[in-house]
Colleague: 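Can you keep this structure in mind? I'll have questions shortly.
Since we're looking at a predicted model, the values are computed, not measured. First listed ligand is number 1; within each ligand, the first listed atom is number 1. Residues: numbered from 1 along the sequence shown.
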Amino acid sequence: MALVSVKQALLAAQAGGYALPLFDTFDMAATDGMFQAFEAKRAHACIGLYGGFFERPNARANVAYIRECAATAKVPVSLMLDHGASFEQCVLAISLGFTDVMFDGSRLPLEENIAQTRLVVRAAHAVGVAVEAELGHVGSGREYQSFGAKRLGFTDPAAVERFVAETGVDFLAVAIGTAHGVYQGEPQLDLDLLREIRRRVEIPLVMHGGSGLSDAQFRGAIEAGIAKVNVATELFMTSAQRITEAARARELSYFDISRIAATTFQERCGFYIDLFGAAGRV
Ligand code: 13P
């Protein structure tokens, strides 16, 4: 199928009370496993590439591979720049055929985040690309006890309406207690804050830092208004763990390694698709 913006699918998820996962990929084995999961589950495929990825020499080839897979996929596919670091990076992604871009100005002061997000939105909307932005800052799991657990970086609900109105952004990533990577301690989500944000704006809300949350936390966040959940670290860690376990038991060929990675991605991505209620929607 042709690549499409994830916007309509996220609006449908929001209206239907379920969420779409975004999975990040860095290579072909991960991408293959994801596609198998999205097709087997009949779910809209939302695939993310990190902004930092563009500094790699093989970035264009990787994007071309995903586009090639999308062309023959049996489900609609969206390709999103995840954590775009600058206006220029977002424009580069758009020129490479991305359907959606996240501009991450979450470390900037509010006024600067608004100003830069607005610029990205103007450029992206001119060519039919949807934009996600982040208000508040989702930190890293490594520093969870000194940051997220202390409510540092949490989205200020009072700023949400203005941010959305002045930027024209399509989806909003919120900071409500999640973190990227492995959590130091137990993650605590503030679902009351999420409900408050949900009441104030209409656009789909996004939760980053999915790895390490419990099934109940995912369900609670989706019930409280999250329409898209980003998951990455757990997929890579579980794949690495299974490759390590297999290598302890027997000598692996190169092909065994990519096969274990792809089948792990298929299984774990399928798990999240089911958990978020995204299966059977396309
Ligand atoms: P995790 O790696 O913690 O799952 O977070 C993924 C993410 O939010 C990517 O944007």
Side-chain angles (χ1 to χ4, degrees), residues 6 10 19-27 30-31 33-34 37 45-54 66 78-86 89-90 93 98-107 117 120 130-145 147-149 153-155 169-189 194 204-215 217-218 221-222 226-241 261 264-265 267-273 275-276 278:
V6 76
L10 284 189
L20 295 188
L22 173 145
F23 303 121
D24 287 296
T25 181
F26 294 88
D27 58 36
T31 301
M34 282 174 201
C46 185
I47 297 179
L49 291 177
Y50 273 117
F53 164 89
F54 286 110
I66 296 169
S78 303
L79 179 56
M80 180 179 257
L81 174 68
D82 193 21
H83 296 282
S86 63
Q89 201 170 69
C90 291
F98 282 63
T99 58
D100 306 272
V101 294
M102 178 203 185
F103 169 69
D104 182 356
S106 65
R107 289 174 189 275
T117 301
V120 173
V131 179
E132 176 179 322
E134 183 167 322
L135 181 63
H137 177 67
V138 176
S140 87
R142 269 195 318 274
E143 59 180 21
Y144 193 66
Q145 290 309 317
F147 193 75
F154 273 34
T155 303
V169 77
D170 301 280
F171 329 121
L172 186 67
V174 293
I176 54 159
T178 61
H180 292 105
V182 179
Y183 288 87
Q184 192 187 69
E186 292 294 311
Q188 304 290 338
L189 306 190
L194 175 56
L205 300 178
V206 180
M207 184 166 76
H208 283 245
S211 300
L213 300 184
S214 68
D215 295 3
Q217 284 177 315
F218 281 122
I222 292 166
I226 289 292
K228 171 171 167 282
V229 182
N230 287 17
V231 182
T233 301
E234 190 269 324
L235 308 172
F236 294 99
M237 285 180 61
T238 305
S239 298
Q241 211 170 37
T264 306
F265 266 80
E267 179 201 316
R268 296 306 301 156
C269 292
F271 167 81
Y272 291 109
I273 291 167
L275 181 63
F276 301 167

Colleague: Run through ligand 1 for me and note each protein residue having a heavy atom under 4.0 Å from it, chain first, then residue number.
Modeller: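 Lining ligand 1 at under 4.0 Å, by heavy atoms, one finds Asp24, Tyr50, Asp82, His83, Ala179, His180, Gly181, His208, Gly209, Gly210, Ser211, Asn230, Val231, Ala232, Thr233.
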Colleague: Please list, chain by chain and in numerical order, all residues satisfying ring pair (Phe, Tyr, Trp, His ring centres under 6.0 Å) with Tyr272, sequence neighbours excluded.
Modeller: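 In terms of ring pair (Phe, Tyr, Trp, His ring centres under 6.0 Å), with neighbours along the sequence ignored, Tyr272 is linked to Phe218, Phe276.
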Colleague: Let me know which of Asp170, Leu79, Leu81 forms a side-chain contact (heavy atoms from CB on, under 4.5 Å) with Val101.
Modeller: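 Between Val101 and the candidates, side-chain contact (heavy atoms from CB on, under 4.5 Å) is satisfied uniquely by Leu81.
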Colleague: For side-chain hydrogen bond (donor to acceptor under 3.5 Å, both in side chains), just list the numbers for Thr264 and Thr238, CA-CA rounded to whole Å, side-chain angles, deciding distance to a tenth of an Å, and then say yes or no.
Modeller: CA-CA 7 Å; Thr264 306; Thr238 305; over 6 Å; no
Colleague: Counting C-beta onward and ignoring hydrogens, is there a side-chain heavy-atom pair between Thr178 and Pro187 closer than 4.5 Å?
Modeller: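 Sidechains of Pro187 and Thr178: no contact.
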Colleague: Once side chain to side chain donor-acceptor pair (under 3.5 Å) is applied, do any residues pair with Asp104, and if so which ones, sequence neighbours excluded?
Modeller: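 Only His83, Ser106 meet the side chain to side chain donor-acceptor pair (under 3.5 Å) criterion with Asp104.
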Colleague: Can you name the ring pair (Phe, Tyr, Trp, His ring centres under 6.0 Å) partners of Phe236, sequence neighbours left out?
Modeller: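 Phe236 satisfies ring pair (Phe, Tyr, Trp, His ring centres under 6.0 Å) with Phe26, Phe265 only.
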